[in-house]
Amino acid sequence: MTAPGLMRADASMLLVVDLQARLVPAIHEGAGVVDRIVWLVRLAQALDVPVAATEQYPQGLGPTVPALAAHLPRGSIGEKVHFSCAAAGCLAALPGAERRQVVIAGIEAHVCVLQTALGLAAAGREVFVVADGVGSREPANRALALERMARRGVGIVSREMVGFEWLERAGTERFRTISREFLR
């Protein structure tokens, strides 16, 4: 397991786990989680970071929520029945799969996000979970998941940490553009 360092735009992919129509309404503050993840996806795309998403058993849990699906290119969603994306083997065909850093957002924090993060870390990837971009039905389960992942060497970060680390420096036109649109 590789301990995560700083996130780099040229080494990262963003993975959105199971943000699905029938599951989101059951998530504590689910609408806010969706909004924060869409913000993160738009930021990643503005910085040329590949974005991929997964759907857990879409026949039962429905498709990716429209607010996110509208920002995803064709071929960027993988289906799975394993809780862990790592165990499901669905990442290999998705954008950014070759990158060593995986930044994860999605639901549920204590099930698919946790199992994916731990599985990818065990496989030697640098894994970061965006604390304000994950949710669970019960807030206590989300908190336990974040604590457990941190103890196992997964970087627990915020959306702004991701943005500033991907940007690396101020004083550039790219920084000014991103700052105006995303960081104010």
Side-chain angles (χ1 to χ4, degrees), residues 1-2 4-24 27 33-135 145 149 152-157 159 162-163 165-166:
M1 181 166 31
T2 304
L6 292 175
M7 292 167 280
R8 296 183 42 92
D10 62 356
S12 294
M13 72 172 292
L14 174 62
L15 176 62
V16 179
V17 176
D18 306 346
L19 205 63
Q20 292 168 257
R22 291 191 193 125
L23 188 53
V24 167
I27 301 301
V33 172
V34 170
D35 290 345
R36 291 185 291 274
I37 290 173
V38 169
W39 180 96
L40 192 58
V41 167
R42 290 180 51 244
L43 174 69
Q45 291 171 332
L47 293 172
D48 301 317
V49 173
V51 177
T54 61
E55 293 176 345
Q56 174 72 28
Y57 186 63
Q59 298 86 340
L61 295 176
T64 298
V65 295
L68 173 62
H71 295 281
L72 298 175
R74 172 170 263 151
S76 62
I77 299 175
E79 292 184 13
K80 63 186 182 64
V81 291
H82 283 280
F83 297 126
S84 167
C85 297
C90 64
L91 294 183
L94 298 178
E98 74 286 353
R99 296 199 171 192
R100 66 181 169 84
Q101 295 182 332
V102 183
V103 178
I104 301 173
I107 57 178
E108 282 193 77
H110 68 293
V111 185
C112 295
V113 170
L114 176 126
Q115 291 184 33
T116 296
L118 295 182
L120 291 172
R125 304 289 278 277
E126 287 184 74
V127 180
F128 303 86
V129 170
V130 184
D132 50 340
V134 297
M149 288 183 282
R152 296 291 310 271
V154 171
I156 305 300
V157 298
R159 292 178 303 147
V162 174
E165 289 179 34
W166 280 348

Heavy-atom side-chain proximity of V49 to W166 below 4.5 angstrom: yes

Considering all heavy atoms of both residues, which atom of G78 and which atom of L94 are nearest to each other, and what is their separation? N-CD2, 3.7 Å

Quick one: side chain to side chain donor-acceptor pair (under 3.5 Å) partners of Q56, sequence neighbours excluded? K80

Which one of T54, V41, I107 satisfies the side chain to side chain contact (heavy atoms under 4.5 Å, CB included) criterion with L19? I107

Please enumerate all residues that pass salt bridge (Lys or Arg N to Asp or Glu O under 4.0 Å) together with R159, with sequence neighbours excluded. D132

If the condition is salt bridge (Lys or Arg N to Asp or Glu O under 4.0 Å), which residues does D35 pass it with, not counting sequence neighbours? none

Review item, side-chain donor-acceptor pairs of residues 110-123, under 3.5 Å, at least two apart:
residue, atom, partner, partner atom, Å
H110, ND1, S136, OG, 2.9
T116, OG1, C85, N, 2.8
T116, OG1, C112, O, 2.7

Contacts satisfying salt bridge (charged side-chain N to carboxylate O under 4.0 Å, His left out) that involve residues 4-14 (not counting sequence neighbours) are R8-D10, R8-E168

In short, salt bridge (charged side-chain N to carboxylate O under 4.0 Å, His left out) pairs touching residues 113-124 with sequence neighbours left out are none

Shortest non-hydrogen pair, P95 vs A52, comes out as O-CB, 3.9 Å

How would you list all residue pairs meeting salt bridge (charged side-chain N to carboxylate O under 4.0 Å, His left out) that involve residues 93-111, not counting sequence neighbours? R100-E126, E108-R137

Indicate every side-chain donor-acceptor pair of residues 59-76 with a distance under 3.5 Å to a residue at least two apart or in another chain.
residue, atom, partner, partner atom, Å
T64, OG1, E55, OE2, 2.8
S76, OG, P73, O, 2.6

Of the options E165, R125, M13, M7, which is the one that meets Q101 in a side chain to side chain contact (heavy atoms under 4.5 Å, CB included)? M7

Is the closest side-chain heavy-atom distance between L14 and L40 below 4.5 Å? yes

side-chain hydrogen bond (donor to acceptor under 3.5 Å, both in side chains) pairs touching residues 40-51, sequence neighbours excluded, are R42-E181, D48-R174

Nearest heavy-atom contact between P50 and S12 is CD-O, 3.4 Å

Testing V103, V51, V102 one by one against L15 for a side chain to side chain contact (heavy atoms under 4.5 Å, CB included), which residue passes? V102

Once rounded to the nearest 0.5 Å, what's the spacing between atom CD1 of I104 and atom CE of M149? 8.0 Å

